[in-house]
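In this text the structure is predicted, and so the values were computed from the model without any measurement.
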Amino acid sequence: MRDQLSGLLGLFLMHLSWVFLQWHLPFGASYDGPPYDYYATTECKTHPEAPLYNGGILADRTGKIPMTYHKMETGVYSPAFVLYNLTGTTRYSFSCWVQIKGTYSTLLKARLSTESSTSCIGTALASSDCWSFLKGGFVLDSPSQTSILYFQNVDANNAIEISVTSPSLQPFSVEQWKTQQEENIRTRRKRAVTVHVSDSQGNHIVGASVTAQQLSKDFPFGSAIAKTILGNAAYQAWFSKRFNAAVFENELKWYTTEPEEGKLNYTLADDLLGFVRANQIVARGHNIFWEDPKYTPSWVQNLTGDELRAAVKSRINSLLTRYKGEFVHWDVSNEMLHFDFYEQRLGYNATLDFFATAQNSDPLATLFMNDFNVIETCDDVNSTVDSYASRLKDLKEGGAILEGVGLEGHFSKPNIPLMRAVLDKLATLKLPIWLTEIDISNYFDQKTQAIYLEEVLREGFSHPSVNGIMLWTAIHPYGCYQMCLTDGNFRNLPAGDVVDGLLQEWETKQAGGATNERGSYSFFGFLGEYKVSVSFGNKSTETTLSLTRGDETKHLNIQL
């Protein structure tokens with residue numbers, strides 16, 4: 001009965017979403033498919049829930065979902081689904097519930113094998129005493145006549161029994177995916193405004209001229225910068241014209257600020273902070289500690305016990321006391337899913353102490369976890385969506401004040417349905433999510449980098465739970481880490497054209513018109529600050545409007 005009710009509720013919500021989407025589509029547009037279902041959970045539940053989309057294309061005409069078994073190279077049989085006639089470029093969203101027998105907990109991968117390749121399309125941390133939700137997806141480069149979707153235990157040495165229920169595979173065309181992205185942008189990144197114009201007696205003024213000019217954007221969109229921007233007027237002008245957020249590439253890292261014990265040097269960080277302040281740019285603090293020993297100061301690597309504890313405490317107090325209130329975020333312990341330099345030497349509670357000390361030193365800064373290969377792929381067993389969520393929950397249960405989800409986003413070829421599925425699951429944690437270091441591998445040529453970058457940025461900006469986007473494109477004499485937006489003379493490369501195009505697309509350049517018979521003029525504007533000008537006859541006035549997120553129309557009353 002519970003599953004039936006859950007299924008009926010899901011159908012009802014899908015119908016409401018479909019009606020809402022149809023109602024708000026631009027004139028002349030059409031949508032012929034189900035809306036994407038953002039449902040997800042990181043909780044392990046006693047009972048599985050009904051399949052999304054009623055199973056999608058996995059369900060046969062009777063509504064049943066045929067399942068078979070696939071023999072893997074190890075000789076173990078896995079639950080599997082045979083898929084016929086998958087098409088290229090289609091966005092496939094996959095989900096199911098999984099449970100295991102034979103061990104208490106293990107990581108499962110959902111894998112798709114076609115005629116030409118095998119790839120990971122989603123993961124879940126499965127348990128023996130409850131059901132875990134696996135959500136992922138894929139896009140094929142070319143059509144596949146026959147494919148196998150099956151499940152793999154990451155621990156190949158441990159023979160287990162895998163149970164799968166409520167599976168779903170829902171296809172979306174490129175146009176359907178784009179339409180829903182645009183609808184999310186309209187409802188999450190923009191807001192309706194109605195300007196009411198009247199005279200001193202309260203009478204409507206018909207035909208008054210109203211213009212609204214966006215002065216600043218609410219959504220933080222920025223890039224990494226490095227010392228190379230200092231003293232470079234052309235670089236500074238190029239950056240400040242585009243971005244409202246920044247992160248220092250290496251200038252705050254411990255190996256830069258204290259290369260030798262006790263010899264602190266914050267000159268570069270101070271100068272970069274002066275630049276962002278002068279241009280009203282918000283800055284992320286990256287990072288307090290980096291768990292990778294390769295990027296730990298050499299003198300710190302030789303410390304143990306109380307000496308190391310004293311050094312890390314001094315690092316936090318020195319850094320955060322100096323810059324208290326200056327940085328909106330701090331990446332406290334960078335890439336802790338992949339490395340554990342400090343925890344190996346100071347114990348598992350070391351990270352808890354880092355967060356507690358940072359919170360005391362700068363209570364207004366938002367403290368982040370930050371790691372790679374969470375949204376980029378599901379092949380990295382260290383940084384799956386469930387391992388990220390589990391680590392974060394452990395820290396919070398231990399008393400850490402952890403308030404932000406940082407996803408680096410160093411992509412090769414992006415799997416956009418997987419990226420969305422991971423964001424869906426992380427969104428259930430109810431914390432701010434930032435894409436903190438976005439770039440595309442230089443394995444690809446510049447045009448391909450630009451194509452993939454646009455896919456990632458559109459997905460990030462349109463996802464309801466993403467609060468900010470940072471590119472990892474600091475310019476150096478040798479180029480950039482992986483991807484540059486410009487050449488050395490600040491002429492756009494293909495990726496730069498993509499960024500400039502999106503920045504213009506995601507901005508209300510200017511809205512304007514005349515008031516109607518009720519003395520009102522309405523428009524949709526991207527969130528941010530506006531200058532609103534009104535004139536009628538020989539009278540005119542100007543005011544400011546702060547357009548923040550909200551479901552209701554924002555009303556502004558102006559009297560001439």
Side-chain angles (χ1 to χ4, degrees), residues 13 15-31 35 178-221 241-245 280 282 458 461-468 500-560:
L13 292 175
H15 176 71
L16 284 182
S17 299
W18 182 86
V19 171
F20 183 81
L21 186 61
Q22 294 285 334
W23 182 256
H24 288 88
L25 283 173
F27 180 76
S30 61
Y31 187 83
K178 182 179 179 181
T179 297
Q180 296 188 69
Q181 284 179 332
E182 291 173 347
E183 176 58 19
N184 275 347
I185 290 172
R186 195 197 70 81
T187 56
R188 298 287 180 162
R189 309 298 180 201
K190 302 177 78 173
R191 188 173 176 184
V193 180
T194 296
V195 180
H196 305 275
V197 183
S198 62
D199 61 20
S200 57
Q201 283 75 46
N203 300 309
H204 299 314
I205 297 180
V206 180
S209 174
V210 179
T211 60
Q213 180 182 2
Q214 189 169 14
L215 302 176
S216 64
K217 300 176 182 180
D218 180 70
F219 187 87
F221 189 105
K241 179 182 177 181
R242 287 161 174 78
F243 300 124
N244 61 1
Q280 299 177 306
V282 298
R458 286 193 181 278
F461 187 71
S462 66
H463 197 282
S465 297
V466 172
N467 284 19
D500 281 356
L502 292 177
L503 288 172
Q504 292 177 25
E505 181 181 329
W506 298 335
E507 176 182 8
T508 309
K509 282 292 184 183
Q510 185 168 299
T515 55
N516 60 19
E517 67 278 4
R518 292 184 173 273
S520 300
Y521 168 73
S522 300
F523 68 96
F524 268 94
F526 282 96
L527 305 181
E529 298 295 318
Y530 286 79
K531 179 178 73 174
V532 179
S533 304
V534 178
S535 62
F536 184 75
N538 61 355
K539 294 183 178 181
S540 64
T541 188
E542 286 185 354
T543 189
T544 57
L545 169 69
S546 182
L547 194 57
T548 56
R549 180 177 291 186
D551 296 327
E552 300 175 338
T553 299
K554 178 80 171 182
H555 291 270
L556 178 64
N557 293 294
I558 294 180
Q559 190 178 87
L560 286 178

(Q) Applying side chain to side chain contact (heavy atoms under 4.5 Å, CB included), can you list everything that pairs with Q201, at least two apart in sequence or on another chain? (A) D199, N203
(Q) To check you understand the geometry: which heavy-atom pair defines the closest contact between N244 and F219, and what is its length? (A) ND2-O, 3.1 Å
Q | Straight-line distance of S540 OG to I558 CD1, nearest 0.5 Å | A | 11.0 Å
Q) How long is the span from the NZ atom in K531 to the OG1 atom in T211, to the nearest 0.5 Å? A) 7.5 Å
Q: For the pair L502 and R458, evaluate side chain to side chain contact (heavy atoms under 4.5 Å, CB included) and give the outcome as yes or no after the intermediate values.
A: CA-CA 8 Å; L502 292 177; R458 286 193 181 278; 3.4 Å; yes
Q) How are the rings of W506 and F461 set relative to one another: parallel (under 30°), tilted (30 to 60°) or perpendicular (over 60°)? A) parallel
Q. Mind checking whether K217 and E529 have side chains closer than 4.5 Å, heavy atoms only?
A. no
**Q.** L527 backbone acceptor or donor facing Q214 side chain under 3.5 Å
**A.** yes
Q) Which heavy-atom pair separates Y530 from F526 by the least distance, and what is that distance? A) OH-O, 2.6 Å
**Q.** Verdict with reasoning, T508 to F524, per side chain to side chain contact (heavy atoms under 4.5 Å, CB included)
**A.** CA-CA 8 Å; T508 309; F524 268 94; over 6 Å; no
Q.
Using every non-hydrogen atom in the two residues, find where A245 and P220 come nearest and quote the distance to one decimal.
A. CB-CB, 4.2 Å
Q) Is the backbone N or O of E552 less than 3.5 Å from a side-chain atom of R191, with the two atoms forming a donor-acceptor pair by type? A) yes
Q. Is there a donor-acceptor pair closer than 3.5 Å between any side-chain N or O of Y521 and the backbone N or O of S209?
A. no
Q: Applying side chain to side chain contact (heavy atoms under 4.5 Å, CB included), run through T543 and L556 and close with a yes or a no.
A: CA-CA 10 Å; T543 189; L556 178 64; 4.1 Å; yes
Q. When rounded to the nearest 0.5 angstrom, what distance separates CG in L547 from CG in D218?
A. 8.5 Å
Q.
Let me confirm one number: the CD-OG1 distance from Q559 to T541, rounded to the nearest 0.5 Å.
A. 10.0 Å
Q: Report the distance from atom CD of E182 to atom CD of E505, rounding to the nearest 0.5 Å.
A: 7.0 Å
(Q) Using modelled atom types and a 3.5 Å cut-off, is there a donor and acceptor pairing between side-chain atoms of S462 and backbone atoms of N184? (A) no
**Q.** Side chain H204, main chain R518, donor-acceptor under 3.5 Å
**A.** yes
Q | Residues T194 and H555: side-chain donor-acceptor under 3.5 angstrom | A | no
**Q.** S520 to H196 - nearest heavy-atom pair and separation
**A.** OG-ND1, 3.0 Å
Q: List the atom of V197, the atom of A208, and the distance in Å for their closest heavy-atom pair.
A: CG1-CB, 4.1 Å
Q: Go through E183 and T187 one step at a time and tell me if the side chain to side chain contact (heavy atoms under 4.5 Å, CB included) criterion holds.
A: CA-CA 6 Å; E183 176 58 19; T187 56; 3.2 Å; yes
Q) What is the minimum heavy-atom distance between E517 and V206, and which atoms define it? A) O-CG2, 3.6 Å
Q.
Distance check, rounded to the nearest 0.5 Å: E507 atom CD versus R189 atom CZ?
A. 16.0 Å
